[in-house]
Structures are given as structure tokens and as C-alpha cells.
Amino acid sequence: VSFTERMGRRRNLMDLIYGEELSPQEIAAGLTRPSSADAGPSGDSADEGFFTVRGPGQYGVDIGDQIKEPINHDLLAKKWADEEMLDSIKGLFISGPVGDEEH
Amino acid sequence: MPAPVTRPKSDILRFQTHHHLRQRLVLSILSGKSLRIDNIRSDDVHVGLRDYEINLLRLVEKVTNGSTIEISVTGTSFLFHPGLLPGGSHSHTCHVGRSIGYYLELLVPLAPFCKKPFDINLYGITGEQGRDMTVDMIRTVTLPHLHLFGIIDGLELQIKKRGAAPLGGGQVIFKSPVVRHLKTLNFVARGKIRKIRGVAYSTRVSPQFANRIVDSARSILNRYIPDIYLYTDVYKGDDSGKSPGYGLTLVSQSTTEALHASECLSNNQPTSSSSNPTSTLPQTPEDLGINAARLLLEEIARGGCVDSSHQWLVLLFMVLGKEDVGKCLFGNLTAHTIQFMRDLLLFFGVKFKVTPATNGTGEVLVSCVGVGYSNVNKAMA
């Protein structure tokens, strides 16, 4: 997903948060309309990060009161095994390239 | 179950399911609004509240004065009228269904608003992979987030004994001072990461495990900055609880003191903790160290001035702050945070202004006017 697209989706974040239409999981995944409106789980949001959105039915019954986010360890490993990805956040560190805030 | 006649029905906020139970209890106690939760696992094979949730409600009863909790016969609903927070010394044995972090995540936001300084001895599991923050995370990340609001002196968490899941046997002491007012937050510069700290802990396994975790985490982090210090904390004998276990908690600190954290622990309970069967959880010390390091990178890449698992805490204290505009830069909001914002609106009537940050990194700037919450308990003292 390109960066401008992501920003466009973020524009109405407040409406989404205080509206009733979307679940918190859907908003956090960057969706702007309910995923039930699509034919299946939204493809682009699944590729975007390692967090994948799952309905409550797919959790164990005892999940539901937790602050930590569920983690897909396989996607995490795939994402951060990439040298380019590892280098891309160097600007966030004090010893990284100067004047390059972008990542 | 009819509501007691002494209180009008409109005063009671109603929710469904056990989801977000603790944050609703916290908000209920702080706002003084009663709470009713229905449909708790009503479709499940084991209907109703779990033992660890009953244990949590007992803890709430213990640390408040005058709370009433009425649980229905089936356990699928309960009514809660919040009491006051007297503070003082307490002791509680946590249920091993959840780690001590589960209980501390409820106590930490309440403790500063007690009448007298609060301290509690908690017994149970000090760290568990997956759902709840470990006591190390709470000590090194959660408590420093309270510093932002002027809660500093007398705030501490001591880890007396470690106890891994599933049997626990750990002990921690949490102490908190009381505050009258919270400082207004203005934290919009995230700075650059200047150091990384970490603690690798192990109980009832070879002490070499902790060293192996540290070495593998370093293999990823060393490329970024030289100021990395990961120490090993090996508990032995009586101090090491009843189960074998090991893990790593990492914290990065920026030039503006913004903290980001991650952790990964060994997992002894594949059935209850791994919510996603398609995802393989690392088990060897090497994999675990690498995984924790990658999680830290992910967290850092999210940006913002606060750790993503602490967005809710910062939001809560912004709402409770003085009647002035508080501002903070967050990374991507988590699903938990968004639900928390909705609940804050219900309990305190405060809406946050959420705007994308101008630097174009996907970060968001949240701001709100505090409700001017003053510690009535302390004012009376």
C-alpha cells in the first residue's frame, strides 16, 4: 500500500474511532469500511504488516481482555529478516543518517 | 437481576461480554459510575466468569472501600458499584490462569488516586508469553510512563521472587505514592533512539540460557547503536518459583526519553497462550532473543512518543489531567487503544482530537482537555 493511500485512509480517523461502523480491529488495520463489505478478509491489509485481523470467534475464548497485541511470529520473522527493511529504520537511531527522518 | 432501588438505572453503564473487563473496572472506579456486564461467555462450553476474573474482582473488592459486586448465578453477568480507594498495605495471591501483569495493569492506574500511599504484595506468575505484560515490562516501561505525569517519588516495583508459567510461585511488591493533580502532558517530539536496555531472566533452567538469549538479541540490535546493555537476571533456589522458564524484555530510550519496548518468553502452555495456530512461537533461547529484538524494531518503526502497549495509560492520564490541553504523539493506534478511547468517552465524556502527524510517518497527534480530576480522597485527608 502506498504511503499516500495510507494517509488518505487516515484522514477521517476521528470519525472512525467515534463512529460505530467499524470495530477497533478494523480501524487499527487501516480499513475505512467494514471488512464484511468485502468478499473476504481484505487482502492488502494482510500484506501490510505482521498484525492480522481476526474476528473474536477465531480467538480462544479466554482472549479478549489483553493489552498486548496478538502477534504472528512467522510474518514478523519474514519482515525483519530483510536487510533493506532492517536498514530502513536506521534514521530513527541517534547514530543513523542525519536529516533522514523518513522510514 | 434488578438494579438496587437506591440508584437510578440510568447511572449504570452496560456492556456486553468479558472483553475489556479490566479497563471498564478501572474507569468505573475512577469515574464513580456503576457498571453492569452481561453475556459473559454465554455461548461458551464453560459459561460465565473464569476463576482468574473472579480473583480479579476479589482484588478490586480488597483495594476499594465500599464496592459491591453482585454476580448472577450463572456467572454470565455482574453488577458493580464502585467504592473509594483507601490505599494502605495489601496482599493478594493472583490466580495462575493469568500472570501478575494482568492484575497490575488494573492496579497501576488506580494506585496514585488512593487516600494513603498504596502498597501491595502480589504472588503468582511473574511473566507469561502472550497476553499480559511481564513484571519486568511494568517495572521498566509502565512506571516510567507515569513519570510523565509527575508521579515519580515512591513509585516502585520490586521483584522478590520469579515464577514462570504455569505454576508461578513468584512474588512482587508494588508501591505507589498519591497525587493530587496530574501534570498536563505535552510530548510531541519523539527524538532518536539513543540506547537500548534489556533484561534476560531465567528460572529453573541452565543459567547459560540467559546468556544465549542476550547474544542472539545483540546479533540484530548491534547494527543500530553501540549503547546496548542487556543484563542477565538469573533467580535461583527458593527465589525461582515452581516452573522452568526464560525470557527477554527490551526497552529503547530516545533523546527525548520516549520509551519503546518488546518482550518474548518461553511458552509452557501451548493451548492457552498461542492464539494463532498458524504462527510458530520461538522456543529456543536463540530464537526467542531474535524474536524479541525484531518485536522491538517493529515497535520502534511504529513511531510515536509512547510504547504501543501504553497508549491507553497515557490517554487515561491525559483525560484525568488538569483542565488544559494535553498533547501527545502516538504511533499507529492499536485496536485496544481505539476501544479504550470509546470507553473513555462513555465514562468521562471526553473526546480526543486525533490528527495525522504532519511529518508523514503515519503517526497521529492526540490531544484532549483534561477533566480536572482531583484526588478527592487526598483532598479530604
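What you see is a predicted model; the values in this text were computed from it and never measured. Residue numbers begin at 1 in each chain, while the letters A, B, ... track the order of the sequences.
- Within the 4.5 angstrom heavy-atom criterion, no atom of B:Lys195 approaches chain A.
- Closest of all the heavy-atom pairs between B:Lys353 and A:Met14 is CA-SD, 3.7 Å.
- Between atom CG of residue A:Leu76 and atom CG of residue B:Leu295 there is a gap of 5.0 Å, rounded to the nearest 0.5 Å.
- The contact between B:Glu105 and chain A is made entirely by side chain atoms (from C-beta outward), counting heavy-atom distances below 4.5 Å.
- The candidate with the highest count of non-hydrogen atom pairs below 4.5 Å against chain A, out of B:Gln23, B:Met341, B:Arg22, B:Arg194, is B:Arg22.
- If you measure heavy-atom distances from B:Ile40 to chain A, you find no contacts under 4.5 Å at all.
- To the nearest 0.5 Å, atom CD of residue B:Gln129 and atom CD1 of residue A:Ile71 are 6.5 Å apart.
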For this session: Show your working on salt bridge (Lys or Arg N to Asp or Glu O under 4.0 Å) between A:Asp65 and B:Arg131 and close with a plain yes or no.
Result: CA-CA 8 Å; A:Asp65 188 18; B:Arg131 296 174 290 184; over 6 Å; no
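- Chain A forms more heavy-atom pairs under 4.5 Å with one residue of B:Asp132, B:Thr337, B:Leu297 than with any other, namely B:Leu297.
- Pairing each heavy atom of A:Lys68 with each of B:Gly130, the nearest pair is CD-O, 3.2 Å.
- Contacts between B:Thr255 and chain A at a heavy-atom distance below 4.5 Å involve the side chain alone, from C-beta outward.
- Interatomic distance, CD of A:Glu69 versus CG of B:Asn332, reported as 9.5 Å (0.5 Å rounding).
- Shown here for A:Pro24 and B:Ala335, the closest heavy-atom pair between the two residues is CB-O, 3.2 Å.
- The minimum heavy-atom distance linking A:Tyr18 with B:Val350 is given by the pair OH-O, 4.1 Å.
- Nearest approach of A:Pro97 to B:Lys192, heavy atoms of both residues: O-NZ, 3.7 Å.
- Going from atom CD1 of B:Ile300 over to atom CD1 of A:Ile89 covers 5.5 Å, rounded to the nearest 0.5 Å.
- B:Asp43 CG: 12 or fewer foreign heavy atoms inside a 6.0 Å radius.
- To the nearest 0.5 angstrom, A:Ile67 atom CD1 is 8.0 Å from B:Leu313 atom CG.
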For this session: Start with the C-alpha distance between B:Leu333 and A:Leu13, add both sets of side-chain angles, then the distance that settles side chain to side chain contact (heavy atoms under 4.5 Å, CB included), and finish with yes or no.
Result: CA-CA 10 Å; B:Leu333 300 178; A:Leu13 198 53; 4.3 Å; yes
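- No other option in B:Glu53, B:Arg342, B:Gln339, B:His20 has as many heavy-atom pairs under 4.5 Å with chain A as B:Arg342.
- Listed by chain and residue number, B:Asp38, B:Asn39 satisfy the side-chain contact (heavy atoms from CB on, under 4.5 Å) test with B:Gln16 (two or more places apart in sequence, or in another chain).
- Using a 4.5 Å cut-off between heavy atoms, B:Phe352 touches chain A through backbone and side chain atoms alike.
- Between A:Gln66 atom CD and B:Met133 atom CE the span is 11.5 Å, to the nearest 0.5 Å.
- Taking the ring-ring contact (aromatic ring centres under 6.0 Å, His included) definition, one finds that B:Tyr224 meets it with A:Phe93, sequence neighbours left out.
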For this session: Decide yes or no on salt bridge (Lys or Arg N to Asp or Glu O under 4.0 Å) for A:Glu83 and B:Arg223, but give the supporting numbers first.
Result: CA-CA 11 Å; A:Glu83 283 292 317; B:Arg223 69 160 68 203; 3.0 Å; yes
